[in-house]
Every structure is written in C-alpha cells, then in structure tokens.
Amino acid sequence: MAADRNRPNRKLRWAIITFFALAAALFVADVVRKALTEAFIHDDFPEQLAIKAEQLPLLFPIHMITGALALLLIPLAIAVRRRPRWHRPLARVAAIDVVIAGLTAFPVAWIGPVTRWSAAGFMAQAATWLALLALGLWHIRHGRRAEHRRAMLMMAATASGAIVFRILLALSASFSHPLGFATFYSCDAWLAWLLPLSLTAYGLKREWRVLR
C-alpha cells in the first residue's frame, strides 16, 4: 500500500526533473547556436568585443566554435560514462576540443581586452579548464575512476561559465546596471565560472546525489 501511495509522487518528481532537464537542454542548445553564429557574424557585438574578431580573424572563430561544441560534447561524454563503447570516443573528441578551446582562449582574452581584469578572468578560466582536463586524464590513466569523474564534473562546471556569463551579462543589460559595461563585464568574467565550479566542488564534497 505504501508503495502504491508513493508511486504518484515518483511520477511527479520524474516529470518535474524531465521538464527542467529539457528546458536546460534547450537553453544550452540556444547558447551553442548563438556562439556558433557569433563566430562569423559580429553585427550585434559591442565595440569592445568586435575589436577581438577583427584582430583575430582566424583564432576567434576557432575559439567560438570549439567553445560552443564543448558545451555539447562534455555533457554527452558524462551522460554515457557507463557505456565505454560510446564514452571513450566521445571523451577523446571532447578532450581535443577542450584543448583547442582552452589554448585559443588566451590570445582571445588578451588581445584587445575590455579590461585587464576581464582578460585575467577568462585566462584563469582557461587555465583551470585545461588543468582539470589534465588532472582527469592523469587519474583515468592510473585507474582512479572516482577521481577522474570528479575532475571531469568540475571541468564541466568550469565550461558552464560560458552559459552563466551570458545570463549575467543579459541581466545587466536588461536592468541597465549602474556599474557600467566594462566594470560588470570584468566581474562577470570571474563570477561566471567560479560560482558553478565552487558549487560543484562543494556538492562533490557533500556527496550530493545529483552528482553521483
């Protein structure tokens, strides 16, 4: 009887989880679409960002494309982690993509920066991203699957900074934040990836069920 009473609650819970998962997937897909478009079309760019595209006509599109693909490849590789036949090739492609996106992030951040603080924030994100990838590869080569999974989850959290960055920047534009574009952009360059990374690290330490 108790199991029968709990069945509707389980169905409702899974319905809610499915709804939010689909909403998140659609949002990420939209962010990826915009990033791929912005790799070649810069009409809506603020002047401070359009300079980067002009000065880095090759590296900028490469960074935008690989960065966008990382938002798809990393979650896919994590999602199929229990199926080696799918996980291994996806993980290899994702790792190569992350290396390219991470390395190209340095010149993209440094050339024509909005501010030096924003450049430092993006470069710190790229360095953290690459360091977590290297750590994850080192763990899996030594058979430490649990440590590998934690490193990859934190790498995914760092990558999600690209999504959080856009959300915060859009909110700033919507509310005409008094700090001004340059100041808020600099803060956003740090907060966007530090917040999800810190939350994921805390969740792993507390062994949250959603991260298992």
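Numbers here simply count residues along the sequence, with the first being 1. For clarity, every value in this text was computed on a predicted model and none was experimentally measured.
Taking the side chain as every heavy atom from C-beta outward, Arg144 and Ile140 never approach each other to under 4.5 Å. Contact of the Leu168 side chain with the Phe184 side chain is registered, since non-hydrogen atoms from C-beta on lie closer than 4.5 Å.
Heavy-atom minimum distance, Ala70 versus Pro75: O-CD, 3.8 Å. Contact detail for Ala101 and Thr104: the closest heavy-atom pair is O-OG1, 3.1 Å. Residues Ala126 and Gly102 share a closest heavy-atom pair of CB-O, 3.6 Å.
A distance of 11.5 Å separates CG in Leu69 from CE in Met64, rounded to the nearest 0.5 Å. How far CZ of Arg150 is from CG of Leu132: 12.5 Å, rounded to the nearest 0.5 Å. The structure places CZ of Arg81 at 7.0 Å from CG of Leu153, a figure rounded to the nearest 0.5 Å.
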Please tabulate, one pair per line, all N/O donor-acceptor pairs under 3.5 Å involving side-chain atoms of residues 157-165, not counting sequence neighbours.
| unit_1 | atom_1 | unit_2 | atom_2 | d |
| --- | --- | --- | --- | --- |
| Thr158 | OG1 | Met154 | O | 2.9 |
| Ser160 | OG | Ala157 | O | 2.5 |

Assess whether side chain to side chain contact (heavy atoms under 4.5 Å, CB included) is satisfied between Val80 and Leu76, documenting all intermediate values.
-> CA-CA 6 Å; Val80 298; Leu76 282 175; 5.8 Å; no

Show the numbers, then the answer: is there a side chain to side chain contact (heavy atoms under 4.5 Å, CB included) between Thr66 and Val98?
-> CA-CA 7 Å; Thr66 53; Val98 167; over 6 Å; no

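Under a 3.5 Å cut-off, the side chain of His139 and the backbone N or O of Glu147 do not form any donor-acceptor pair. Of the possible polar contacts, one joining the His148 side chain to the Gly136 backbone as a donor-acceptor pair under 3.5 Å is found. The closest donor-acceptor contact from the side chain of Trp190 to the backbone of Gln125 lies at 3.5 Å or more, if one exists at all. A distance-only check finds a donor-acceptor pair linking the side chain of Trp193 to the backbone of Gly121 [under 3.5 Å]. Side-chain N or O atoms of Arg149 include none that pairs as donor or acceptor with a backbone N or O of Ala146 at under 3.5 Å.
In this view, Ile96 and Ile100 satisfy the side chain to side chain contact (heavy atoms under 4.5 Å, CB included) rule, not counting sequence neighbours. With sequence neighbours excluded, the residues that form a ring-ring contact (aromatic ring centres under 6.0 Å, His included) with Trp138 are His142. For Ala109, the side chain to side chain contact (heavy atoms under 4.5 Å, CB included) test picks out Phe122, Met123, with sequence neighbours left out. Residues forming a side chain to side chain donor-acceptor pair (under 3.5 Å) with Thr115 (at least two apart in sequence, or on another chain): Ser118, Ser186.
Residue Trp129 is grouped with residue Leu103 when hydrophobic side chains (ILVMFWY) are merged at heavy-atom distances under 4.5 angstrom, including chains of intermediate members. The same ILVMFWY cluster, assembled from side-chain heavy atoms under 4.5 Å apart, contains both Met152 and Val99. At a threshold of 4.5 Å between side-chain heavy atoms, the hydrophobic network of Ile, Leu, Val, Met, Phe, Trp and Tyr places Leu135 and Ile74 in two separate groups.
Leu191 belongs to a hydrophobic cluster with Leu195, counting contacts under 4.5 Å between side-chain heavy atoms of Ile, Leu, Val, Met, Phe, Trp and Tyr, direct or through other members.
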